[in-house]
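Reviewing the structure listed below.
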Amino acid sequence: MARPKNVKHIFVTGGVVSSLGKGILSASLGLLLKSRGLRVAIQKYDPYINVDPGTMSPYQHGEVYVTDDGAETDLDLGHYERFLDEPTSQASNLTMGRVYKTVIDRERQGDYLGGTVQVVPHVIDAIKEKMNEQGKGGTLDVLITEIGGTIGDIESLPFLEAMRQMKLELGPKNLLNIHLTLVPYIKAACELKTKPTQHSVKMLLETGIQPDILVCRSEKPLSREIKNKVGHFCNLHESDVIGLNDCDTIYDVPLMLLNEQLDIRVLKKLSIKKYSAPELSYWRDFCNKVKHPKDGEVTIAICGKYTEYPDAYKSILEALVHTGAVNNVKVNIKLVRSEDAEENGGKSGKFLKDVDGLLVAPGFGDRGIEGKISFIRHARENNIPFLGICLGMQCASIEFARNVCGLAEANSTEFNKRCRQPVIDLMENQKKVKEKGGTMRLGSYPCILKEKTKVHQAYDKFLINERHRHRYEFNNDYRELFENNGMLFSGTSPNSELVEIIELKDHRWFVGVQFHPELKSRVRSPHPLFKGFVAAAKAYAHGERQLSLESVTLPLEEPEEG
Ligand code: GLN
């Protein structure tokens, strides 16, 4: 296939309000172009001054997505990987903080000697340098750049100015802007309203950018008349106004955009002449399974401390969608606050009585830890499928130490510095680390699995690579004691020094992992561990839960009031 000579750029901006789904739009467009035989990559530019989101609270930013090369990045990169089935990297996420850091470092080195360092041209040039970098080397046909924030934000102006200049330099056939806006439906008037979109485009025009395509999010389908009206006010032909109405699952978005011919409009505007028919049959099958699973439902409890803000668990939620589809079940999610069990005197059974599996989420700090431990105890003692991720695995180790190995004071030194039985302790190479940004054990590391274990059965191989983000680890001083009490260290680092996976021999499915399997689950390759966990929950739900309910060891429920 004849390839475009230079990489073609697509910039995705957002207007009216945030959270319209620029990430899903970018990922969906990427998937459509890839399905037509083009080589596509997606990157995200964030306007904030943090060098990366690694130091931000999940309440501020949602999940921190970790790449193979150890970058702590925006959660939209997770969508890019899940949709496109291509790895992202540090180069795929640029923040304004990183741009300023580059410029200031250069200034200190004397690169601009004699000059006044300014936003225009120095900051803009640094952004353009980065914009061009990803497209170099002839390995890409199309590079999609999602610009974080909403048009009108002061802080994203330098990104817009860099895009404006690049369009001038590269020409309109090599760079286009897709602007995502909201067309709200006003119930009282029974009407879709286009004014916010008009204003958003006006604001974009003030920065010198005429959008090439508008994608309009709305509750109801956009009629031809509305498209025509939007186009008229925004200098666009109605065929360049694409409707995107709310759908059942984010995985429907590419199919909806295909229907609206977004990909065709893009190919035409970028003068890309060689492409194939889209190959998306596997995607349709997947969506069908997500929406109409044949084998009923399971309920998974996710226990964590950020449950009011599900974006903190984005990749976990998506991995459960992927592996629900593989198991042909709908996965219902019950988010349980880890503090709830603490506040209710450790009666975690009350919260878990109608669930088929417990997942204890990653996290930092001591808030809610005792609640997590009490939930894990309930799952262990009542043979409920359990998956502990990172902090979840560490809590499972503490629970086992206290309640099975008889170490009453067992804890992690993260929660109690002077703990006398530190079954989880700071990693050796973390002990001298003072700086917080980018200093955890980050990125992909190999792990060797033991034969005849649940994890070996799930992965069906001995060597795996998984992504990490932590400072603490299992303390090897306690390995023998744990093993003597029935704990299996079913995955370790290749030199056997770091415990990466724990599992219980005499349990239906009880696995704790020090890494983050959720970050590698994709539509095309649902994660084996989640697949195994959901399969265990399904088996438990289909028959065995009722039996187990009769033999629980913890009180299940407070007497009903009244
Ligand atoms: N706080 C724990 C650590 O740093 C776990 C981190 C996590 O769950 N990602 O080791």
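Every number for a ligand or one of its atoms is a count from 1 in the order of the listing. In what follows, every heavy atom counts, from backbone to side chain, and hydrogens, waters and symmetry copies are set aside.
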Heavy-atom check, side chain of I302 versus side chain of L320, under 4.5 Å: yes

Ring geometry between H456 and F462 (parallel below 30°, tilted from 30 to 60°, perpendicular above 60°): parallel

Side-chain H-bond candidate by donor/acceptor type, Y65 with E81, under 3.5 Å: yes

Ring-face cation of R380 near F386 (centre distance under 6.0 Å, axis angle within 45°): no

Test: R82 cationic atom under 6.0 Å from Y80 six-membered ring centre, within 45° of axis: no

Between the protein and ligand 1, which nitrogen or oxygen pairs come in under 3.5 Å, and how far apart is each?
| from | atom 1 | to | atom 2 | distance (Å) |
| --- | --- | --- | --- | --- |
| ligand 1 | 1 (N) | G363 | O | 3.0 |
| ligand 1 | 1 (N) | E414 | OE1 | 2.8 |
| ligand 1 | 1 (N) | E414 | OE2 | 3.0 |
| ligand 1 | 4 (O) | R471 | N | 3.0 |
| ligand 1 | 8 (O) | G363 | N | 3.0 |
| ligand 1 | 8 (O) | G363 | O | 3.4 |
| ligand 1 | 8 (O) | L391 | N | 3.0 |
| ligand 1 | 9 (N) | R469 | O | 2.8 |
| ligand 1 | 9 (N) | H516 | NE2 | 3.3 |
| ligand 1 | 10 (O) | Q394 | NE2 | 3.1 |
| ligand 1 | 10 (O) | R471 | N | 3.2 |
| ligand 1 | 10 (O) | Y472 | N | 2.9 |

Proximity of F159 and F11 rings by center, below 6.0 Å: no

